[in-house]
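Taking it in order: structure first as structure tokens, then the write-up.
Numbering starts at 1 and runs along the sequence shown. Everything numeric here is computed off the predicted structure, so don't read it as measured data.
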Amino acid sequence: MTKRGIQTAQIFNQTNLGITADVYFIGLGVLGIATAMVIGGLMKSVIHHQFGGQRLKRWGIITAIVTMLLALAMYQNGVATTATLSVISTIGAVLLPFLPWLAVIFYGLGIVKNLITPQKMP
């Protein structure tokens with residue numbers, strides 16, 4: 001592993017990480033959402049399509065937000081001390097690897113739908 005990878009692993013193996021982990025996960029999530037929005041906006045400006053794909057894009061953003069919240073809940077409570085935290089950790093361990101990809105797929109399908117949706121004449 002690289003030196004940075006080892007440091008990151010050491011940081012996230014700690015419990016009760018505090019504000020640093022919150023900022024890290026929220027920042028990564030917002031960066032992902034912003035990147036998707038910029039790509040979608042560029043496609044709209046090139047193609048001039050104003051309609052189509054909003055529902056899928058909303059689902060992509062909602063999935064990204066759920067991913068951020070789940071990551072915060074899991075990593076802030078590294079050692080599950082209650083039954084609720086244990087359930088969150090168990091569910092999160094299964095879902096967390098797939099949720100970011102699901103958000104990308106939803107948002108990407110929204111962009112594609114926007115590109116192929118017939119546009120109404122004003």
Side-chain angles (χ1 to χ4, degrees):
M1 290 184 103
T2 65
K3 185 175 180 182
R4 175 168 280 166
I6 291 171
Q7 289 174 345
T8 305
Q10 290 171 347
I11 289 171
F12 289 111
N13 285 334
Q14 299 175 9
T15 59
N16 299 325
L17 295 174
I19 194 74
T20 303
D22 294 344
V23 170
Y24 180 80
F25 288 119
I26 291 170
L28 281 179
V30 170
L31 178 65
I33 291 170
T35 302
M37 288 181 169
V38 167
I39 292 170
L42 288 173
M43 296 305 289
K44 274 188 172 186
S45 68
V46 169
I47 306 298
H48 301 293
H49 282 193
Q50 299 175 355
F51 307 104
Q54 288 86 356
R55 183 174 295 147
L56 288 167
K57 290 177 186 176
R58 267 185 252 133
W59 276 109
I61 291 172
I62 289 169
T63 305
I65 291 170
V66 167
T67 303
M68 286 189 294
L69 295 175
L70 186 60
L72 286 173
M74 283 184 61
Y75 287 107
Q76 287 300 319
N77 302 300
V79 177
T81 56
T82 65
T84 304
L85 293 176
S86 177
V87 169
I88 289 173
S89 294
T90 303
I91 292 171
V94 174
L95 291 180
L96 207 53
F98 302 106
L99 282 177
W101 292 107
L102 188 62
V104 168
I105 290 168
F106 278 141
Y107 207 91
L109 287 174
I111 292 172
V112 170
K113 185 173 181 187
N114 178 256
L115 293 175
I116 62 174
T117 299
Q119 300 299 298
K120 301 173 186 172
M121 297 301 285

I need the minimum non-hydrogen distance between Gly60 and Ala103, along with the two atoms involved.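 Closest pair (atom of Gly60, atom of Ala103, distance): O-CB, 3.4 Å.
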Minimum-distance pair of heavy atoms, taken over all atoms of Met68 and Val30: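 Shortest heavy-atom separation between Met68 and Val30 comes out as SD-N, 3.9 Å.
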Atom [atom1] of [X] and atom [atom2] of [Y]: how far apart are they, to the nearest 0.5 Å?
| X | Y | atom1 | atom2 | result |
| --- | --- | --- | --- | --- |
| Leu56 | Ile105 | CG | CD1 | 11.5 Å |
| Arg58 | Tyr107 | CZ | OH | 11.0 Å |
| Ile116 | Ile111 | CD1 | CD1 | 12.5 Å |
| Arg55 | Lys113 | CZ | NZ | 6.5 Å |
| Ile65 | Ile33 | CD1 | CD1 | 5.0 Å |

Hydrophobic cluster membership, Leu69 vs Val104, 4.5 Å side-chain cutoff: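 Looking at the clustering, Val104 is in a separate group from Leu69.
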Testing Phe98, Trp101, Phe106 one by one against Thr63 for a side chain to side chain contact (heavy atoms under 4.5 Å, CB included), which residue passes?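 Only one of Phe98, Trp101, Phe106 forms a side chain to side chain contact (heavy atoms under 4.5 Å, CB included) with Thr63, namely Phe106.
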